[in-house]
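Below is one structure; the comments refer to it alone.
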2 protein chains.
Amino acid sequence: MKKSLPIRAQNVREPAGTGTLGKAIAVLDIIAASSGPLRFTDVLQLTNQPRGTLHRQISNLIEEGLLTVNRDHSYELGLRLLQFAAKAWASNRFRTIAEPHLHRLHEATGETVHLGVLRNTDVVYVDKIESRQNIRMVSQIGNTAPAWCTGVGKAALSALPDDELRARLGRISFRKFTPNTLADRQALLSEIEFIRAEGNAYDREEHETGICCVAAPIHSADRQLIAGISVTGPAYRITPDVLRSWAGITRVAAAAIMDDMATQLSPRS
Amino acid sequence: MKKSLPIRAQNVREPAGTGTLGKAIAVLDIIAASSGPLRFTDVLQLTNQPRGTLHRQISNLIEEGLLTVNRDHSYELGLRLLQFAAKAWASNRFRTIAEPHLHRLHEATGETVHLGVLRNTDVVYVDKIESRQNIRMVSQIGNTAPAWCTGVGKAALSALPDDELRARLGRISFRKFTPNTLADRQALLSEIEFIRAEGNAYDREEHETGICCVAAPIHSADRQLIAGISVTGPAYRITPDVLRSWAGITRVAAAAIMDDMATQLSPRS
DNA sequence: AACTATGTTCCATATAATGGAACTCCTATT
DNA sequence: AATAGGAGTTCCATTATATGGAACATAGTT
């Protein structure tokens, strides 16, 4: 199954647990995905692996600190993940390059600014700037949302080459989050055509009622990294006109980030 | 080497990469620990594994999204870690139980409140409440500090059974962060005696100049989970007397958290 | 243009993961 | 209090997977 890959394959859907590591992460994923705490047997059913095998996998994960077990045999993700994530966030070059531009955009608009990276068909938010920073950060950073119904996500999708775009759309299962959510692949495709022509994506309360945004796509020269930036606000305050008035500076910010990436991440620094 | 462990072994020092998973995580650790970006050969030397082996391990980590490679072949921790951490943080039961008490303590003191969990000889900060929440959250949550020179850490250490304490102290390599940093094992041991008698730990600019705190230990009934809570402030504003005046409510908060743990995490809920 | 660093692939061998079944422990029920 | 059932744990022969050495490829350097 696993062809020796050139060490470059990112943004690729893994076929659910190839290799020892893959299986271990698959277990981690199951526990991460569950809403409530899971007990051993719950995980057993979700993985349908032999009991002995699963038990050892879990033991290993616990030993590595990636998993924690409570006295009642329910499992939680381990602290080591927080440790790793703190490092991942602080040292991420894309994020650090983008950061000053996010601040500038925030100052210009006074509204919340997001930076998100496309991963499969989801957006992972990697940074966020807001005025009243009373919202818990981790509750946002690292969170994911479906790409096809968020501004950042749609912007990012629009930066994909056509074949990649089709491939990913095929993996989306559409569902309505709000009355405004795009209903199907066709609607999304024509929306993306519009975004490509326009240079901006809009979220008009498609993911959450009362929340709208303007976004612009970001990508590295070789399109390995596909991302987006957005300015978000409450619909009652941010009219469509206001939103449109920010389209330009949002595109400019995205362009500036790409520029910095080109110079700072070039082979010859 | 790896004895089939009862599925309970947390807080245990792993002997650096046992099993396939362990080795993979060890690679991740090396990349996390480095200050700058690492290239393949750098990692190769730090692990001293055969090239073929390392190459495949890295490939697997990339495939799982735990690692990312830039065009210049430097490696970064992957986004998937952020994703996992967001879940880990939001669903952590200990943290959610403690959270209201942290807020109460913050309101009573007006200063920054920390919650940290002991992991080996380090403290991992899992929550933080501060008034002006203009400091980036992830820059704190998930961060680690040496247990022996922080308030939370010393408090946590004091909750360890004596044999465990000795064992862990043996793994500490002392170094001076500030003029006030405790110099050696002996100093730390007598400090811990004091903490046990008193019920509170103090950090008097031992880790960072200008920063001091009062802390109190937290532990689960079976002492599997060892943690601490602290109130922190700038030394110029928080005199030793003020600090001492918060000792009581800090202990009370810690006790309340343990209480809630006992009821909410009991086998029979 | 040749050289050297660095990264990548291949394959026989060694090692670790697998999975079935037996065992233990806890818990719920009578 | 005894017992049955479920849940978690251990063991070990078999099988699949990771290993590591060396050959190959590529990019950067003199």
Side-chain angles (χ1 to χ4, degrees), chain A residues 1-10 14-28 31 37-64 67-75 222 224 265-269, chain B residues 1-10 14-28 30-31 37-64 67-75 222 224 266-269:
Chain A
M1 180 83 264
K2 147 174 338 178
K3 54 172 70 100
S4 315
L5 71 174
I7 205 163
R8 181 146 308 197
Q10 297 170 250
E14 54 271 22
T18 316
T20 309
L21 179 65
K23 289 173 209 159
I25 300 297
V27 170
L28 216 57
I31 290 165
L38 293 179
R39 289 186 323 270
F40 184 88
T41 318
D42 302 326
V43 183
L44 188 60
Q45 289 172 335
L46 290 168
T47 57
N48 53 353
Q49 292 192 95
R51 304 227 296 259
T53 301
L54 179 63
H55 184 263
R56 188 176 22 72
Q57 285 168 341
I58 288 182
S59 295
N60 289 336
L61 286 168
I62 289 174
E63 206 176 355
E64 297 304 327
L67 216 54
T68 292
V69 54
N70 304 320
R71 203 161 32 284
D72 61 350
H73 293 282
S74 62
Y75 298 107
D222 54 5
Q224 262 185 241
L265 295 180
S266 74
R268 193 104 339 270
S269 103
Chain B
M1 179 83 263
K2 151 172 336 177
K3 54 172 69 98
S4 316
L5 71 176
I7 205 161
R8 181 144 310 195
Q10 297 171 251
E14 54 270 21
T18 315
T20 308
L21 179 65
K23 289 172 207 159
I25 300 298
V27 170
L28 216 56
I30 283 173
I31 290 165
L38 293 179
R39 288 184 327 264
F40 184 87
T41 318
D42 301 326
V43 183
L44 188 59
Q45 289 172 333
L46 290 167
T47 57
N48 52 354
Q49 291 192 95
R51 286 147 67 139
T53 301
L54 179 64
H55 184 262
R56 188 175 22 71
Q57 285 168 340
I58 288 182
S59 295
N60 289 336
L61 287 168
I62 289 174
E63 205 176 356
E64 297 304 327
L67 216 53
T68 292
V69 54
N70 303 320
R71 203 162 31 285
D72 61 349
H73 293 282
S74 63
Y75 297 108
D222 55 4
Q224 261 185 242
S266 74
R268 190 103 343 270
S269 104

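Letters A, B, ... mirror the listed sequences (proteins, then strands); counts begin at 1.
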*Take atom CD of A:Gln57 and atom P of D:dG8, then tell me their distance rounded to the nearest Å.*
16 Å
*May I ask which nucleotide in the shown strands pairs with C:dT27, Watson-Crick or G-U wobble, both distances under 3.5 Å?*
D:dA4
*asked:* Consider side chain to side chain contact (heavy atoms under 4.5 Å, CB included). Of B:Asp42, B:Ile30, B:Thr53, which one does B:Thr47 pass it with?
replied: B:Ile30
_Interatomic distance, A:Gln45 CD vs D:dG6 P [rounded to whole Å]_ = 12 Å
*asked:* Using whole Å, what does the distance between atom P of nucleotide C:dG19 and atom NZ of A:Lys23 come to?
replied: 7 Å
*Under 4.0 Å between a side-chain N/O of B:His73 and OP1 or OP2 of C:dG7, yes or no?*
no
*asked:* Is there a side-chain contact between A:Thr20 and the phosphate of D:dA18, meaning an N or O under 4.0 Å from OP1 or OP2?
replied: yes
*With distance as the sole criterion, do the side chain of B:Arg39 and the base of C:dG7 form a donor-acceptor contact below 3.5 Å?*
no
*Less than 4.5 Å apart, any side-chain heavy atom of A:Gln49 and any of A:Val27?*
yes
*Would you call C:dA5 syn or anti, using the 90° rule around 0?*
syn
*Checking all strands, does A:Gln49 fall into the base, sugar-phosphate, or nothing category for heavy-atom contacts under 4.0 angstrom?*
nothing
*How about A:Leu54 and A:Phe40: do any of their side-chain heavy atoms sit closer than 4.5 Å?*
yes
*Looking at D:dG20, D:dA18, C:dG19, which one has an atom nearest to any side-chain atom of B:Pro50?*
D:dG20
_Does C:dT8 have OP1 or OP2 under 4.0 Å away from a side-chain N or O of B:His55?_
yes
*Are the side chains of A:Tyr75 and A:Ile58 in touch, meaning some heavy atoms are under 4.5 Å apart?*
yes
*With side chains defined as the heavy atoms from C-beta onward, is the minimum distance between B:Thr68 and B:Ile62 less than 4.5 Å?*
no
*Any side-chain heavy-atom pair from A:Thr20 and B:Leu21 closer than 4.5 angstrom?*
no
*When all nucleic acid strands are considered with a 4.0 Å heavy-atom cut-off, which category describes B:Thr41: base, sugar-phosphate, or nothing?*
sugar-phosphate
_Over all strands shown, is B:Thr53 touching base, sugar-phosphate only, or nothing at heavy-atom distances under 4.0 angstrom?_
base
*Starting at CG of B:Leu54 and ending at C1' of C:dT6, how long is that distance when rounded to a whole Å?*
13 Å
_For atom CG of B:Leu67 and atom P of C:dG7, their distance in whole Å_ = 13 Å
*A:Arg51 CZ to C:dT18 C1': how many Å, rounded?*
15 Å
*Looking at D:dT17, D:dG8, C:dG7, which one has an atom nearest to any side-chain atom of A:Phe40?*
D:dG8
*Round to the nearest Å and state the distance from A:Asn60 atom CG to C:dA17 atom P.*
6 Å
*Is the distance from OP1 or OP2 of D:dT19 to the nearest side-chain N or O of B:Arg56 less than 4.0 Å?*
yes
*Round to a whole Å and report the spacing from CG of A:Leu21 to P of C:dA16.*
16 Å
_Both distances below 3.5 Å, Watson-Crick or wobble geometry, any strand: find the nucleotide opposite C:dA5._
none
